[in-house]
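Everything quoted here is computed from the prediction, not taken from an experiment. A note on names: the letters A, B, ... follow the listed sequences, proteins ahead of strands, and every chain is numbered from 1.
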6 protein chains.
Amino acid sequence: MNKVPDTELVLVPGGTLITSTAEEGRALAITMARHSIHNIQPDLDVLKAGRPVYSTSPDSLIAVSEVIAIEFQTIAAANSYWRK
Amino acid sequence: MNKVPDTELVLVPGGTLITSTAEEGRALAITMARHSIHNIQPDLDVLKAGRPVYSTSPDSLIAVSEVIAIEFQTIAAANSYWRK
Amino acid sequence: MNKVPDTELVLVPGGTLITSTAEEGRALAITMARHSIHNIQPDLDVLKAGRPVYSTSPDSLIAVSEVIAIEFQTIAAANSYWRK
Amino acid sequence: MNKVPDTELVLVPGGTLITSTAEEGRALAITMARHSIHNIQPDLDVLKAGRPVYSTSPDSLIAVSEVIAIEFQTIAAANSYWRK
Amino acid sequence: MNKVPDTELVLVPGGTLITSTAEEGRALAITMARHSIHNIQPDLDVLKAGRPVYSTSPDSLIAVSEVIAIEFQTIAAANSYWRK
Amino acid sequence: MNKVPDTELVLVPGGTLITSTAEEGRALAITMARHSIHNIQPDLDVLKAGRPVYSTSPDSLIAVSEVIAIEFQTIAAANSYWRK
């Protein structure tokens, strides 16, 4: 198996949900969602084969955006919504 | 690749979840959901090809509305629901 | 394009999540979900063409009810659940 | 159109999310989910035609149970989880 | 109709969301999700016919696990997450 | 039936939602989601047969990642988001 690099398997990159900005929090949401999938399917070849499938399917992209929204709820709450 | 403009890739446009009104908060929810998808699929041609598919499919539109609802939960909480 | 009327595009009709009663809050949830879809697909003819599809499909109706439930979570929290 | 009775269209039956018991709260969640659907599709004949479809489909039943779970989150929070 | 036993129709078995342990809370989440479905489809023969379908379908099992996760959110909050 | 080991059926491994780190909390989310499925389908042969199906399907992987995100919401809240 052509395994994804170890850095791609870290579940919470940086080890914390706390970020300086909302933008960084949102980026973390995307990364955490992607790393979940890497942990379920760590074979890089399988992941690469799936990419052209989901990334050109509107319904798959919508589903991905839902996962990001859910992850972001958690991260935003952790950061008290980055209120000043 | 015909890439989406950089402004369409900003994850939290304006850099904050705080908005003056509920209406603006709702608009932000829609924009954030769309920009998630731009980050996953930044090829404008692919995005444009998908548009006639999902925008005429009731089930896809319902799925989009669910993502907006989830994003809005976060933004509404961030703004303490714009209570007076 | 036969565009939906402007009033059907307002994201938060009335401009507030606060309602007098739970019943009104629930009605707002339904309207907000529908107006999300109008903003994604503002062509009235396309919307009307979709109606007989989703409104006779149990799975589509269940999906709609899920979106309403999520919108209502936000509105109910905004109103502190209309507790006396 | 053979319309569902008006009582089946009330969005929040009883006009409140507050119930005496968790059991009643759960029953309210089911009723509210069903009444959402009645408001989207008030034609009793269409609803009855859909019943044998979704009620014998495991995936549809699972989807229904998800909607109930989401509605119940709101009702349970409204009732402070019926803690003694 | 070969109806499920009355005990399988109780929406909140035990009448409370409060449990001694997280393990019991999780078990309650599973039971509540199952009893939702029993209330929508109380015919034991139909339920038994569905079992081999969803229990061998990865997508159905994933959907079931999502419902359990949502139910558990409510129960865990009710129990203040069983923090010591 | 070739049943999954008892340890794979524990609903909340470790008996608590409290973890030292966000990384461990995320790992617990994955395990709890998997053990839900083991409780619904404890036949190891069926589970193993499903693995090549869902693990090579982008949509299934996205669905799994959504369940993990939901479980993690609960665990993160239980741990007050591991704020220092």
Side-chain angles (χ1 to χ4, degrees), chain D residues 4 8 12-14 16-38 40-41 44 46-84, chain E residues 1 4 6-7 9-19 25 28-81:
Chain D
V4 295
E8 292 288 309
V12 183
T16 178
L17 301 179
I18 307 306
T19 66
S20 301
T21 63
E23 183 77 14
E24 288 171 36
R26 192 83 176 168
L28 179 59
I30 295 175
T31 306
M32 283 174 59
R34 207 168 48 213
H35 288 206
S36 284
I37 288 177
H38 296 172
I40 306 300
Q41 177 50 275
L44 200 54
V46 175
L47 292 168
K48 280 184 176 166
R51 168 87 196 165
V53 177
Y54 78 80
S55 73
T56 58
S57 156
D59 286 340
S60 299
L61 289 170
I62 294 165
V64 169
S65 72
E66 181 164 337
V67 179
I68 293 170
I70 296 169
E71 298 286 15
F72 186 66
Q73 285 194 324
T74 309
I75 295 167
N79 287 279
S80 301
Y81 306 100
W82 301 277
R83 287 189 201 109
K84 295 286 186 305
Chain E
M1 184 178 78
V4 295
D6 283 352
T7 51
L9 292 167
V10 178
L11 292 167
V12 183
T16 178
L17 301 178
I18 308 306
T19 66
L28 180 59
I30 295 175
T31 306
M32 282 174 59
R34 207 169 47 215
H35 289 206
S36 285
I37 288 176
H38 296 172
N39 274 271
I40 306 301
Q41 177 48 275
D43 187 326
L44 201 54
D45 295 332
V46 174
L47 292 169
K48 281 183 175 166
R51 169 87 196 164
V53 177
Y54 78 80
S55 73
T56 59
S57 156
D59 286 339
S60 299
L61 288 170
I62 294 165
V64 168
S65 73
E66 181 165 338
V67 178
I68 293 170
I70 296 169
E71 298 285 15
F72 186 65
Q73 285 194 323
T74 310
I75 294 167
N79 286 279
S80 302
Y81 306 99

- prompt: Does the pair D:Arg26/E:Glu71 count as a salt bridge with the N-to-O cut at 4.0 Å?
  reply: yes

For [X], which atoms come within 4.5 Å of any heavy atom of chain E: side chain, backbone, both, or neither?
X: D:Ser65; value: both
X: D:Ile30; value: side chain
X: D:Ile68; value: side chain
X: D:Arg51; value: side chain
X: D:Ala29; value: neither

message: Please classify the contact of E:Gln41 with chain D as side chain, backbone, both or neither, using a heavy-atom distance under 4.5 Å.
response: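 Both backbone and side chain.
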
query: By a 4.5 Å heavy-atom criterion (distance strictly below it), what part of E:Ala49 contacts chain D: side chain, backbone, both, or neither?
result: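 For E:Ala49, there is no contact with chain D at all, as no heavy atom is under 4.5 Å.
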
- line: Comparing E:Ile37, E:Val10, E:Ile18 against chain D, the one with the most heavy-atom pairs below 4.5 Å turns out to be E:Ile37

field: Option that, when pairs with chain D are counted at under 4.5 Å, heavy atom only, ranks first among E:Thr74, E:Val46, E:Asp59
entry: E:Thr74

- prompt: Counting only N and O atoms by type, is there a donor-acceptor contact under 3.5 Å from the side chain of E:Asn79 to the main-chain atoms of E:Thr19?
  reply: yes

CD1 on E:Ile75 to CG on E:Leu28, rounded to 0.5 Å: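 So the gap between those two atoms works out to 4.0 Å.
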
Within 6.0 Å of CG in E:Asp45, more than 12 heavy atoms from elsewhere: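 Counting neighbours around CG of E:Asp45, more than 12 heavy atoms of other residues, nucleotides or ligands fall under 6.0 Å, so yes.
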
